[in-house]
Amino acid sequence: QVQLVQSGGGLVQAGESLRLSCVGSGRNFRNYAVGWFRQAPGKERAYVGTINYGGTTIYYADSVKGRFAISRDNDENTVWLQMNCLKPEDPAVYYCAARPLRYTAFSPDDYDYWGQGNQVTVFA
């Protein structure tokens, strides 16, 4: 069992940056792939990006490619989502999720453990 605790988020102006952190419990967290998802009001949870267990394979949704970056430090059991050049269409609750497999997946249904979510708000 893994517990994910998120931090970060907040209110920023368009064009600014935010960084979200996701800390996983347990020494096996280093063997888990992690995904980031977001959910805006009235919409389904949407894929943002994923990172494999070693941090060597990272994928992004087209909507954030070139602006967001995912990284991890397995010694700290932490995965980050760096969000740059935030746009008015980026606001949502952002979630990290983990799956007990080393390789990434793109559907929320493929993840077993979820963080509590962080609200990100962007104003023009």
*Asks:* Treating Ile, Leu, Val, Met, Phe, Trp and Tyr as nodes and any side-chain heavy-atom pair under 4.5 angstrom as an edge, say whether Val34 and Val2 lie in one connected cluster.
*Replies:*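 Shared cluster, yes.
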*Asks:* Does any part of the side chain of Val120, heavy atoms only, come nearer than 4.5 Å to the side chain of Pro91, both counted from C-beta?
*Replies:* no
*Asks:* I'd like to know whether Tyr113 forms a side chain to side chain contact (heavy atoms under 4.5 Å, CB included) with Tyr32, so could you lay out the CA-CA distance, the side-chain angles of the two residues, the decisive distance to 0.1 Å, and finally the verdict.
*Replies:* CA-CA 10 Å; Tyr113 307 102; Tyr32 285 47; 3.8 Å; yes
*Asks:* Does Tyr95 reach the side chain of Arg45, with side-chain heavy atoms less than 4.5 Å apart?
*Replies:* yes
*Asks:* Could you go step by step and tell me if Gln82 and Ser17 meet the side chain to side chain contact (heavy atoms under 4.5 Å, CB included) rule?
*Replies:* CA-CA 7 Å; Gln82 177 68 41; Ser17 300; 3.8 Å; yes
*Asks:* Testing the 3.5 Å rule here: is there a donor-acceptor pair between the side chains of Arg102 and Asn31?
*Replies:* yes
*Asks:* Report the C-alpha separation of Asn52 and Arg72 in whole Å, then their side-chain angles, then the decisive distance to 0.1 Å, and conclude whether the side chain to side chain contact (heavy atoms under 4.5 Å, CB included) test is met.
*Replies:* CA-CA 9 Å; Asn52 73 334; Arg72 70 188 297 163; 5.9 Å; no
*Asks:* Decide yes or no for Pro100 and Asp112: does some side-chain heavy atom of the first lie under 4.5 Å from some side-chain heavy atom of the second?
*Replies:* yes
*Asks:* Quick check: are there more than 12 heavy atoms from other residues, nucleotides or ligands sitting under 6.0 Å from CD of Gln3?
*Replies:*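 No, CD of Gln3 has 12 or fewer neighbouring heavy atoms, counting only those of other groups under 6.0 Å.
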*Asks:* Checking side-chain contact (heavy atoms from CB on, under 4.5 Å) against Tyr59, which of Ile51, Ile70, Thr50 comes through?
*Replies:*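 Of Ile51, Ile70, Thr50, side-chain contact (heavy atoms from CB on, under 4.5 Å) with Tyr59 is met by Thr50 alone.
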*Asks:* Taking C-beta and beyond as the side chain, do Gln6 and Leu4 meet within less than 4.5 Å on heavy atoms?
*Replies:* no
*Asks:* Would you say Glu44 has more than 12 foreign heavy atoms packed within less than 6.0 Å of its CD?
*Replies:* no
*Asks:* Does some side-chain heavy atom of Gln119 sit less than 4.5 Å from a side-chain heavy atom of Tyr94?
*Replies:* no
*Asks:* Is any side-chain heavy atom of Leu86 closer than 4.5 Å to a side-chain heavy atom of Glu16?
*Replies:*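 Of all side-chain heavy-atom pairs linking Glu16 with Leu86, none is under 4.5 Å.
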*Asks:* When the ring centroid of Phe37 is compared with that of Trp114, is the distance short of 6.0 Å?
*Replies:*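 Centroid separation for Phe37 and Trp114: below 6.0 Å.
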*Asks:* Check whether any side-chain heavy atom of Asn74 sits under 4.5 Å from a side-chain heavy atom of Tyr53, and report yes or no.
*Replies:* no
*Asks:* As a quick check of understanding, evaluate side chain to side chain contact (heavy atoms under 4.5 Å, CB included) for Met83 and Leu20, giving each step before the final call.
*Replies:* CA-CA 8 Å; Met83 303 181 290; Leu20 304 182; 3.7 Å; yes
*Asks:* Can you find a pair of side-chain heavy atoms, one from Asn118 and one from Arg38, that are under 4.5 Å apart?
*Replies:*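 Asn118 vs Arg38: side chains apart.
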